[in-house]
Structure formats: structure tokens, C-alpha cells
Amino acid sequence: MSELVTVTDDGPVRTVRMNRPEKKNALTMAMYDAMAAAIEDAGRNQALRCVLIAGSPAAFCAGNDIGDFLKSAGEGGALGAPIMRFLYALARCETPLVAAVQGSAIGIGTTMLMHCDHVVAGNDAHFSTPFVGLGLVPEAASSLIAPRLMGQARAFSLLVMGRPLRADEARHAGLVNTVVTADAVEMEAMKAAREIAALPPQGVLASRRLMRGSRDDIVARIEEEAAMFKIRLQSAEARAAFETFLMRKRH
Ligand code: COA
């Protein structure tokens, strides 16, 4: 079995790639752990000045593995420790984060982008957070960050109504910096990562800290959302939605 997350360092840029294309890069616990470890480790390595998060051509990330959600629901509903570790890693990360998005970015596939500093999307990319339709609530502090980023109305449409954004709409909403053809996404994202990495590192660090402000409110919101998520995961609404998704091809 190939590695589900690959980590490659090229000079000052670390690429963390989700590599489960046959499942559209739906994230498993092991994948969250591997991604968290790669981001945490980059923060300890001064030679690494930017982390690039990437997926596969057909999918950036289809969100949390829905089979895992169903399993968690039967085990008390808590978001697993690897998920929390990944969310904390995103929130506390000091290394600039760039993302290269092709195809689907769903659930955490979209909300992780709210922690990134520069997002390049292919014109085939689409972003959605069908939390409420799945009986759930938003996570990754998206309930705090999205309204700040795109305003209450657009955030409600995305996070609560579950309306997807096309790449150009995501750019207008402030979630995406640049839209390019799908085959140019990786190159463009690497170009941005190298550009950031070439800047004076202490200046980048200090500016990023100033712009992001306190991490405490982000971490507090991640925990508040996780407490509600735990309740919602065990709801009849959520179980029914997960089962419908997992059974859909068998009918
Ligand atoms: N969890 C578990 N498996 C998933 C998954 C997820 N989040 N997303 C996709 N997969 C699996 C599918 O079950 C399918 O597996 P199979 O080939 O063994 O049947 C495989 O990945 C390919 O997905 P498929 O739905 O056939 O591809 P598609 O191109 O028609 O659609 C998506 C792609 C991403 C739009 C669709 O898979 C989807 O909506 N996924 C669920 C997204 C979601 O709701 N995530 C949770 C957010 S909180």
C-alpha cells in the first residue's frame, strides 16, 4: 500500500500531499496524524520556511472519511485525537501555509484552507462544507474564521446552507488567491511557496503573527465546535446521512 500522506522537502519548501486518490483523499485518522506531524515538525525546523499542502488531480480532499464518522458515532462521538492534533497544528502553526487545490475540496478539505496564507485553485476546483446536511456543525474554527473572511451572509451560505463555491466564487469570497488551469496549479503554488520562502524569515514570522492575532480564540473555537460536533455525530440525523452516503452505490 502506498503512503497515504507523503512529505517531501525541496530546499525551504515542505510539500505535504494527501495521497488516497481512490477515495478522493478522504482523511483517515492515520492521515490526520501524519499531516499534523509534518506541520509540527516544519515548525521546529528553521530551514523549512513554507509548507505546501496538496492533494491529487481529481480531488484535493473529500473531507473526513465518512466510515470513520459512523464508527466514531458508535463510540461516543468524540472527534478522534488525530483530528484534534491536526486542527491544533493548523491553528498553532507558525510556518506559512500554501495550498494547491484541484477538484473537490469538501468539509475539512475546505476549512483547512481557512488556515492557509495563500491558496491556488484550479478552474475545476469546487469548495463545499455540507456539515449541516450531514447532521453536523462546522469545525476547524471555520464558524469563527469564515464570517471574518467572507462576511456573515456568504459564510452562512457555505457553512450552513452547504452551497458550494466554484473556484472563481471562492476567489471573490477571499478563500482563494489565484485561479489557474488545473494543470498549472502545482507549479503556481510552488512558485508562491518559494516566493514566501525567499523573504526574510523573521520578517515573515513577525508579520504573520501580527496579522493572525491571538491563536487562543481560534483554539477555543476549535474546542467549542468539537464539543458540539460530538453531540451532533451521535444524532439520528448524522447516522442516517452517513449510512445514505455509504450505501448509495449498492442500490
Ligand atoms: N468518506 C469516505 N469515502 C469517501 C468519501 C468520504 N468523505 N468521499 C469519497 N469517498 C469514496 C467513495 O465512497 C468512493 O468509494 P468506492 O469507490 O469504494 O465506492 C470513492 O471515494 C470515490 O468517490 P465517488 O463518490 O465515487 O466519486 P465522485 O467523483 O462521484 O464524487 C465526491 C466525489 C468527493 C463529490 C463525493 O465522493 C462526495 O460527495 N464525497 C463525500 C464528501 C463529504 O460529504 N465529506 C464529508 C464532509 S464533512
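These numbers come from the heavy atoms of this one structure, side chains and all, not from hydrogens, waters or symmetry mates. Counting starts at 1 for both ligands and their atoms, following the listed order.
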State which residues pass side-chain contact (heavy atoms from CB on, under 4.5 Å) with Ala173; sequence neighbours excluded, sorted by chain then number.
Met150, Arg154, Leu165
What atoms of ligand 1 come within less than 4.0 Å of a heavy atom belonging to Phe131?
48 (S)
Find all atoms of ligand 1 within a distance of less than 4.0 Å from any non-hydrogen atom belonging to Ala26, and give their numbers and elements.
1 (N), 5 (C), 6 (C), 7 (N)
Please report the C-alpha distance between Ile218 and His115 in whole Å, then the side-chain angles of each, then the deciding distance to 0.1 Å, and finally whether the side-chain contact (heavy atoms from CB on, under 4.5 Å) criterion is met.
CA-CA 10 Å; Ile218 303 282; His115 296 268; 3.9 Å; yes
Taking non-hydrogen atoms only, is Leu134 closer than 4.0 angstrom to ligand 1 via side chain, backbone, both or neither?
side chain
Sequence neighbours left out, what pairs pass salt bridge (Lys or Arg N to Asp or Glu O under 4.0 Å) with at least one residue falling in residues 110-120?
Asp117-Arg208, Asp117-Arg212
Would you sort out whether Phe229 and Ile83 count as a side-chain contact (heavy atoms from CB on, under 4.5 Å), showing the intermediate values?
CA-CA 12 Å; Phe229 212 95; Ile83 301 181; over 6 Å; no
Non-hydrogen atom of Ala59 closer than 4.0 Å to ligand 1
no
Polar proximity ligand 1 side, Ile66 side, N/O cut 3.5 Å exclusive
yes
Could you check whether Asp10 pairs with Arg194 (Lys NZ or Arg NE/NH1/NH2 to Asp/Glu carboxylate O, under 4.0 Å)?
yes
Flag Asn64 as yes when one of its N or O atoms lies below 3.5 Å from any N or O atom of ligand 1, and as no otherwise.
yes
Could you list which atoms of ligand 1 come closer than 4.0 Å to a heavy atom of Pro130?
44 (O)
List every atom of ligand 1 that sits less than 4.0 Å from any heavy atom of Ile106, numbering the atoms from 1 in the order shown and giving each element.
34 (C), 35 (C), 42 (C), 43 (C), 45 (N), 47 (C)
Presence of salt bridge, Arg232 and Glu237, under 4.0 angstrom:
yes
Any salt bridge between Glu186 and Arg17, counting N to O under 4.0 Å?
yes
If you take the nearest heavy atom of each of Pro138, Ala62, Ala241, Gly63, which one is closest to atom 45 (N) of ligand 1?
Ala62
Option whose closest heavy atom lies nearest to atom 29 (O) of ligand 1, chosen from Arg248, Lys23, Lys24, Glu22:
Lys24
